[in-house]
Amino acid sequence: MHGLSRLGNGVSPPSSPRFRHARNKNTDLSASFTSGNCQVKLQNFAEKLGFMIVSGVYRRRGVLLFAPLLYISGMLLYMGALGFDASRTSGGGTGLDPIGSVYRSPQVFEKLWPLMKAENNGSSNLLANVWNPKLHQVWKPCIAHTVSQEGFAELPKSNGYLIIEANGGLNQQRLSICDAVAVAGLLNATLVIPIFHLNSVWRDSSKFCDIFDEDFFIYALRNHVRVVRELPEDLLLKFDNNISSIVNLRVKAWSSPTYYLLKVLPKLKELGAVRIAPFSNRLAHSVPPNIQGLRCLCNFEALRFSEPIRMLAAKMVDRMVKKSSKTSGRYVSVHIRFEEDMVAFSCCTYDGGEEEKHEMDIARERSWRGKFRRRGRVIRPGANRVDGKCPLTPLEVGMMLRGMGFENNTSLYVAAGKIYKAEKYMTPLKQMFPRLESKDTLASTEELAPFEGHSSRLAALDYTVCLYSEAFVTTQGGNFPHFLVGHRRYLYEGHAKTIKPDKRKLALLFDSPDIRWNDFKSQLQDMLHHSDTKGVELKKPSSSLYTFPMPDCMCKHADVKNASGNRRRLV
C-alpha cells in the first residue's frame with residue numbers, strides 16, 4: 001500500500017473578457033462641427049481625436065470605442081506627439097525630451113558635489129538610528145506553527161522518487177529546491193538531491209554540494225521529507241542506469257497542489273520515479289499551510305551554504321565590521337546591477353554615445369540572439385527611464401545615499417558582478433564613499449581562487465555579507481534581492497531593513513540639473529522613511545513567501561509566547 005499524500009486546494013484563474021466591435025459604423029468623422037451659429041474647424045489631429053471620442057460617447061453608439069481611443073491618445077500624449085507640457089528642452093538631450101527620460105546624472109552630480117563635500121566628515125551617524133523601532137511590531141520565526149515541531153515519528157511509506165532540475169543562478173536554484181521540498185511533502189515522495197542545470201548565461205558547473213551543505217540539508221528535513229543523494233541501484237537498473245530515461249513530466253508554471261495530486265501523483269505511484277525539468281516556478285504561491293511550512297523550513301533553516309563558502313563569508317563579514325569602526329561596526333550593503341548584460345537587456349541609454357550603442361547591440365545579439373530585432377519590436381530608452389526600469393549607475397546610487405543622509409564615513413559594501421565600464425562609473429561612487437569595499441577587497445586573491453569561474457558561489461559570498469549589513473539597498477529587482485529581503489525579515493524580527501528606492505521619482509530628480517541640495521535631500525529622506533514604513537509587510541495571496549515570510553513562517557512576538565513559552569527554532 002502506498003503512503004499518504006498531503007492534500008491542498010487549487011485555484012483557477014478567471015477567464016479574460018471578450019470585446020465586441022461596435023455594430024454601427026456611421027460615426028461622423030467630419031473635420032468640423034456646428035455649435036449654435038458658429039462653425040468650428042478642427043485644425044489638428046488632437047482636436048479631431050477629441051471630437052471622435054466625444055461624438056462616440058454622446059451618440060452612445062461608439063461607447064465601446066472610448067476606452068481604446070483614450071488609451072491611444074494617452075500613449076500619444078506620453079510620447080510627446082501632442083506637444084503638452086510634459087516635455088522640455090534641456091542640455092544633454094536631443095531636442096524635446098520628456099522629463100526624466102535622459103541620463104543627466106553627471107550634470108546633477110557636478111552641481112551637488114561641492115555641497116556634498118562641505119558636509120564630509122560630519123558628526124551624525126545615520127546608521128545608528130536609520131530604522132525607527134516605533135513604526136513596527138516584532139515578529140519571530142515560528143515554523144513549528146505550520147510544520148509540526150517533531151514531524152513524524154516515522155515518515156509514511158514513500159510513494160516514489162522525485163527528481164527535479166534546478167536552473168538559473170543562485171537564488172533561482174534556491175527557489176526550485178524549496179519548491180521541490182514542498183512538492184515532495186505534498187506527494188509524500190522521496191526527494192533526490194536536485195540536479196543543477198548548466199545555464200548558458202550563468203555558466204556555473206557547480207553541483208548542489210558545492211554551494212549548499214548537503215548533509216545538513218538532509219538532516220534538517222529528516223522528520224518532514226525524506227531526501228536521498230541518488231536513486232537506489234535497483235530502480236536505476238529499471239531505467240537502464242540513465243536518469244534521462246525516467247519520464248519527464250512537463251508541469252506548467254505556477255501549478256496548484258491539486259494539479260500535482262491529480263496528474264503527478266498517479267504517475268509517481270505507477271513508475272516509482274518521475275522527473276520534472278525544468279522546475280523553476282512550478283508551484284503556485286498559495287498552497288496549504290503545512291506545505292507552505294515546508295517552504296519555510298527549507299529556505300530559512302535547511303538550506304545553508306557549504307562549509308568553504310560559510311568560512312570565507314564569515315571572515316568577510318568580520319573584516320567588514322572591523323572596517324566600519326567609524327559607524328560602530330555597522331555598514332551599508334548595496335546590490336548594483338550595472339553589468340554589461342543588464343545594461344544591454346534594459347535597452348536604456350547612458351552617456352556613452354555611439355560607442356555605448358555599438359557595444360550594447362553586440363551584447364544583446366550575443367546573449368539574446370535576434371530577440372531585440374524582431375519585427376514590431378520598438379525600443380524606447382526614454383520611456384524605460386521615465387518608468388523606472390533603467391539600472392541605476394554607481395554614481396546614481398552614491399548620490400541617492402548621500403541625499404538620504406549617509407555621510408562619507410559610512411562603510412559601503414558593493415555586491416555586484418563585473419560593472420560595465422567600472423573605472424568610469426565607480427570613480428564618483430568612491431569619491432562619495434571612500435570606505436567602499438567589495439569581495440575583491442575584503443578577500444585575498446588566494447582566498448577567492450577556488451570560487452573564480454563559479455558565479456553562484458561568488459554570489460553566495462555577496463549574499464552573506466549583505467545579509468548581515470545594517471541597511472541593504474536594492475536597485476534593480478531580481479531573485480537576489482527578493483530572497484535576501486525575505487531572509488533579512490526572518491532574521492531581523494520581521495523588518496527587511498532594506499532601502500527600495502522609487503526609481504520613477506529618482507528619474508525625475510536625476511534629470512534636474514538645477515535642483516537645490518536641500519530639496520534633493522528632502523525628497524530622498526522621504527524615500528528612506530517610506531522604505532522604513534514598508535519594512536514590515538505581510539504576504540499577499542499572489543506574493544512570494546521567500547520575500548514575505550509573515551505570517552507563514554513567522555508569528556507576532558506575543559503570539560509566539562502564547563503558543564509556547566519556550567518555543568525554539570527547529571535547527
Side-chain angles (χ1 to χ4, degrees), residues 1-8 10 151-152 154-168 172-199 206-212 214-215 217-284 287 290-291 294-295 297-298 302-303:
M1 176 178 284
H2 289 289
L4 303 173
S5 62
R6 304 174 190 176
L7 299 179
F152 296 103
E154 184 178 343
L155 288 175
K157 179 176 173 62
S158 173
N159 287 323
Y161 291 85
L162 175 65
I163 303 163
I164 69 106
E165 188 175 285
N167 56 332
Q172 189 74 14
Q173 292 168 340
R174 195 180 190 106
L175 183 150
S176 298
I177 294 165
C178 293
D179 280 0
V181 167
V183 169
L186 174 71
L187 304 179
N188 188 35
T190 299
L191 178 66
V192 180
I193 287 289
I195 300 166
F196 285 178
H197 172 67
L198 182 60
N199 187 279
S206 299
K207 297 179 181 179
F208 186 100
C209 62
D210 297 319
I211 300 173
F212 299 106
E214 197 170 277
D215 291 334
F217 180 72
I218 296 172
Y219 173 81
L221 295 171
R222 70 194 183 284
N223 292 328
H224 304 279
V225 174
R226 188 180 285 107
V227 183
V228 297
R229 288 182 173 81
E230 54 190 21
L231 288 175
E233 288 187 15
D234 58 334
L235 191 61
L236 263 176
L237 277 173
K238 179 181 175 182
F239 296 103
D240 299 325
N241 290 309
N242 187 354
I243 286 181
S244 61
S245 298
I246 299 173
V247 63
N248 184 18
L249 303 180
R250 294 291 180 176
V251 176
K252 293 181 180 179
W254 313 115
S255 289
S256 69
T258 302
Y259 176 89
Y260 280 96
L261 292 169
L262 294 179
K263 300 294 184 180
V264 178
L265 183 57
K267 283 289 184 183
L268 181 68
K269 290 180 176 180
E270 175 191 346
L271 302 172
V274 296
R275 273 193 312 138
I276 305 178
F279 192 73
S280 177
N281 300 317
R282 289 303 184 269
L283 181 63
V287 298
N290 62 322
I291 304 304
L294 291 175
R295 278 172 157 166
L297 177 61
C298 175
L303 265 188

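Numbering of residues begins at 1 and proceeds along the displayed sequence.
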Are the side chains of [X] and [Y] in touch, meaning some heavy atoms are under 4.5 Å apart?
X      : Y      : value
Val192 : Leu231 : yes
Leu191 : Leu221 : no
Pro194 : Lys207 : no
Arg282 : Asp179 : no

Shortest non-hydrogen separation from [X] to [Y] and the atoms involved:
X      : Y      : answer
Val181 : Cys298 : CG2-SG, 3.8 Å
Thr190 : Ser158 : OG1-OG, 2.9 Å
Leu268 : Tyr161 : CD1-O, 3.4 Å
Leu283 : Trp254 : O-CE3, 3.4 Å
Val287 : Pro257 : CG1-CG, 3.7 Å
Ile276 : Leu249 : CG2-O, 3.8 Å

With a 3.5 Å distance limit and no angle check, can you tell me whether [X] reaches the backbone of [Y] through a side-chain donor-acceptor pair?
X      : Y      : answer
Arg295 : Ala182 : no
Asn159 : Leu187 : yes
Asn167 : His197 : no
Ser176 : Gln172 : yes
Asn242 : Ser244 : yes
Arg226 : Ile218 : no
Lys263 : Val251 : no

What distance separates [X] [atom1] from [Y] [atom2], expressed to the nearest 0.5 Å?
X      : Y      : atom1 : atom2 : result
Leu186 : Leu265 : CG    : CG    : 8.0 Å
Gln173 : Ile211 : CD    : CD1   : 4.5 Å
Ile195 : Arg275 : CD1   : CZ    : 7.5 Å
Ile193 : Ile163 : CD1   : CD1   : 12.0 Å
Leu162 : Asn188 : CG    : CG    : 11.5 Å
Ile177 : Arg174 : CD1   : CZ    : 8.0 Å

Do the ring planes of Phe196 and Phe212 sit parallel (below 30°), tilted (30 to 60°) or perpendicular (above 60°)?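 The rings of Phe196 and Phe212 stand perpendicular, inter-plane angle above 60°.
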
